[in-house]
Amino acid sequence: LKMSWFWFYLSLHLLMAACLCRSIKAPNTSSQQNFKTNLFNFYHSLILADGKETTVHLLKDIPKRYYFILEEGRALSPFTITVTPCDVPIEWSILVHKTSASFPGKATRGDHDTKDISKSQRSPSIVSTIFNYKGNSVETYMGMSSHSALYMLEFLSTERDTHITVYLATDTTSGHLYPELPMDPRIDVIGIGHTTVTLTWKHSPSVLQHRENIQYCLLVNEKHNYKSLCAAETAIRSSGMKLPPTLALSLSPYLLEPQQVMILSNSELSIINKVSSGEVRQTCVGAKNTYTVPNLSPSTQYYFDVFVVNLLTNASAAYTGAFARTLEEPEPKVMELKDGKVIQVVLDGKKKKFYSLQYQARHKKIQFTFQLCRGQVRVHITKNNKIVASENISGLRYFSLKGKLLDTYLVQLRSTEESNSSVKVQASPHFHKPLFPLLPESLKIKSFSKLRTCNSVTIAWLGTQEESKYCVYKKTIEEDQVWMELQNVDRCSGPESRHKSEKVLCKYFYDINLQRAVTTETITGLDVDTLYLFDVYLFGPSGIPVRYHSKVVKTRKKC
């Protein structure tokens with residue numbers, strides 16, 4: 001089979017060479033050189049497939065040539081060529097090689113007088129350029145030929161190595177490979193919000209005719225518009241992203257890369273590519289021609305491209321891109337802090353914005369107290385517009401500040417994680433009446449492996465010099481629940497959120513000598529080979545609890 005193809009191509013090249021030999025006269029050195037150049041160019045060209053999209057890889061400054069032949073015998077031979085640059089601008093042109101009306105070797109003069117026409121008088125073959133283009137737009141050439149002719153396409157990239165796609169169609173009656181665009185292919189922006197932009201576009205005739213096989217896909221990014229789907233995919237890959245096969249806009253979840261996030265909402269598949277230049281969001285919306293893009297950032301310029309995609313062939317056509325800037329975020333509302341009042345704030349990790357609290361001092365000495373309930377939180381405190389404290393907090397944190405009467409403090413809080421965080425905040429001048437109990441050096445619970453049995457475990461925790469109440473709670477937990485349970489624990493929640501059956505005991509203790517302020521407790525009546533989660537709550541004078549870090553312990557399987 002391979003030898004058959006070899007002989008086929010060899011015969012074709014020899015036929016082309018023979019045509020050139022018959023049609024091109026080389027009487028002198030210059031003509032001979034042109035003849036050799038033409039023969040070399042055609043010999044080293046490639047056959048361009050008809051009715052199929054061909055991917056062409058171009059090396060910088062090295063031209064690449066393809067050819068095709070329009071058959072003789074057809075009155076008119078219409079054809080179209082569509083070239084789609086997938087990266088940088090390229091240069092491409094179409095050359096046609098055809099023989100002008102040739103003489104049979106003799107020509108008649110008058111009625112009877114004939115004379116041989118010398119070979120030098122025969123009309124030579126004509127090679128002419130019928131089209132050329134330079135740029136990175138998708139360009140389609142539509143031609144019509146009444147002669148049997150050999151056409152050559154030449155492609156050149158002068159910026160860098162790249163690739164393009166080329167589509168030749170000589171049968172224009174069999175339908176379109178590419179979906180059709182409407183007469184007006186523009187995208188209209190009909191609504192702009194702080195985090196949303198609403199777009200609409202005119203329907204593609206292809207969607208109206210073949211709704212089940214063709215759909216619209218939207219691409220959103222913060223860099224620029226793309227003139228083709230393959231240009232967008234190439235840009236994403238060049239940013240370090242390994243993109244799945246061509247129709248990345250309708251991917252299955254198992255094709256996603258680690259830098260990709262898939263969102264399925266209201267039957268719409270969105271793929272968000274995390275690249276160095278920001279997010280590139282891809283969403284397929286079926287046959288709808290109006291769409292509201294959600295979850296955008298305020299005061300940010302976005303570029304929107306709509307592609308009409310044939311799901312059977314992966315071929316696509318691009319609408320004229322649009323861009324819009326989301327509205328500026330309104331100034332956040334500032335909540336007033338009142339003396340001694342505790343408020344709990346939930347912070348949105350996705351928006352990464354500050355939550356603001358304001359406090360006007362009625363005393364010279366002020367204490368701010370923060371108890372981290374969940375996640376990670378950044379605290380920023382200013383006094384009369386000057387920064388006095390800024391740090392990430394964990395556990396329980398106090399800030400004691402001095403100033404003047406009626407000083408204005410602004411507390412700003414922000415989640416440093418993508419998930420939501422929460423924190424309790426109190427501002428108070430009464431240092432002698434602390435809201436939270438005196439804390440030990442560590443809030444860790446320790447377990448003793450050697451003291452574990454099949455139905456009991458022994459735990460220990462640190463106390464303080466202040467007599468306080470400690471309550472122990474337990475619950476069974478599965479192995480696959482441990483990580484999630486420890487991640488989602490609300491460290492501000494008290495025993496009131498626990499089931500009564502989970503309570504083990506409550507006890508009071510303290511020790512003036514901090515070295516001896518340690519207590520142990522053996523919990524009995526446990527099940528064999530079972531995983532338990534233990535919690536200890538510390539209560540101070542105000543009754544507000546502080547939760548120690550949860551401890552997971554498993555009873556022995558054999559004793």
Side-chain angles (χ1 to χ4, degrees), residues 9 12-13 15-17 19-20 23-24 30-31 33-72 74 76-100 123-172 176-178 226-228 230-231 234 315 317-318:
Y9 281 113
L12 184 59
H13 285 310
L15 178 61
M16 293 165 52
C19 292
L20 288 170
S23 60
I24 301 178
S30 176
S31 298
Q33 184 61 39
N34 291 336
F35 169 78
K36 291 179 180 178
T37 300
N38 289 334
L39 182 61
F40 178 85
N41 287 344
F42 282 114
Y43 187 79
H44 286 275
S45 298
L46 299 172
I47 299 173
L48 186 63
D50 185 8
K52 179 182 177 182
E53 192 173 57
T54 302
T55 299
V56 179
H57 295 274
L58 301 176
L59 300 178
K60 180 184 177 184
D61 294 331
I62 300 178
K64 199 163 191 177
R65 301 176 181 90
Y66 282 74
Y67 68 84
F68 64 95
I69 300 174
L70 291 183
E71 297 177 0
E72 190 174 12
R74 299 169 62 181
L76 288 175
S77 298
F79 65 96
T80 63
I81 299 172
T82 301
V83 177
T84 304
C86 293
D87 187 7
V88 294
I90 65 161
E91 300 175 28
W92 67 280
S93 55
I94 306 174
L95 295 89
V96 60
H97 172 277
K98 57 185 177 182
T99 304
S100 62
S123 298
S125 294
I126 300 173
V127 178
S128 58
T129 300
I130 59 174
F131 180 79
N132 58 65
Y133 172 79
K134 182 177 181 180
N136 61 351
S137 294
V138 180
E139 233 6 78
T140 297
Y141 174 81
M142 302 180 67
M144 191 79 71
S145 176
S146 58
H147 304 86
S148 178
L150 179 69
Y151 288 85
M152 183 171 73
L153 277 75
E154 183 172 270
F155 305 102
L156 177 66
S157 173
T158 58
E159 290 194 23
R160 60 171 178 262
D161 296 353
T162 186
H163 72 283
I164 62 175
T165 63
V166 184
Y167 176 63
L168 164 69
T170 59
D171 182 3
T172 57
H176 302 278
L177 172 73
Y178 298 98
Y226 293 99
K227 296 182 179 180
S228 67
C230 77
T234 301

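Taking the side chain as every heavy atom from C-beta outward, I47 and F68 never approach each other to under 4.5 Å. Using a 4.5 Å cut-off on side-chain heavy atoms (C-beta onward), P78 and M142 make no contact. Looking at T55 and H163, their side chains come closer than 4.5 Å, going by heavy atoms from C-beta outward. Side-chain contact between L95 and I130 is absent, with no heavy atoms from C-beta onward closer than 4.5 Å. Put simply, the side chain of V83 does not reach to within 4.5 Å of the side chain of T165, judged on heavy atoms. Between L153 and I81, some side-chain heavy-atom pair lies under the 4.5 Å cut-off.
Atom CG of N132 is separated from atom CG of L156 by 12.5 Å, given to the nearest 0.5 angstrom. Remark: I90 CD1 to S137 OG distance equals 11.0 Å, nearest 0.5 Å. A distance of 9.0 Å separates CD of E159 from CG of N136, quoted to the nearest 0.5 Å. In this structure, S93 OG and Y133 OH are separated by 13.5 Å, a value rounded to the nearest 0.5 Å. Note: C230 SG to E53 CD = 8.0 Å, rounded to the nearest 0.5 Å.
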Ring pair (Phe, Tyr, Trp, His ring centres under 6.0 Å) between Y167 and Y178, worked out: CA-CA 10 Å; Y167 176 63; Y178 298 98; 5.5 Å; yes

Derivation of the side-chain contact (heavy atoms from CB on, under 4.5 Å) call for F155 and R65: CA-CA 6 Å; F155 305 102; R65 301 176 181 90; over 6 Å; no

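Listed by chain and residue number, nothing satisfies the side-chain hydrogen bond (donor to acceptor under 3.5 Å, both in side chains) test with T129 (two or more places apart in sequence, or in another chain). By the side chain to side chain contact (heavy atoms under 4.5 Å, CB included) test, K64 is found to be paired with L46, V56, L58, Y66, residues two or more places apart in sequence or in another chain being considered.
Listed here is the closest heavy atom pair of A318 and K227: CB-O, 3.5 Å. Across every non-hydrogen atom of V138 and S228, the tightest pair is CG2-CB, 3.9 Å. A pairwise comparison of heavy atoms in P85 and A231 identifies O-CB, 4.2 Å as the closest pair. Between A49 and T54, the shortest heavy-atom contact is CB-OG1, 4.1 Å.
Considering T234, T162, T158 as possible partners of V88, the one that fulfils the side chain to side chain contact (heavy atoms under 4.5 Å, CB included) test is T162.
In terms of modelled atom types and a separation under 3.5 Å, the side chain of T140 and the main chain of T82 share no donor-acceptor contact. Using a distance-only test at 3.5 Å, with no hydrogens or angles considered, no donor-acceptor pair links the side chain of D161 to the main chain of L59.
Under the salt bridge (Lys or Arg N to Asp or Glu O under 4.0 Å) criterion, the residue pairs touching residues 78-96 are D87-R160, E91-K134, with sequence neighbours excluded.
A tilted orientation is assigned to the rings of Y141 and F79, their planes being inclined by 30° to 60°.
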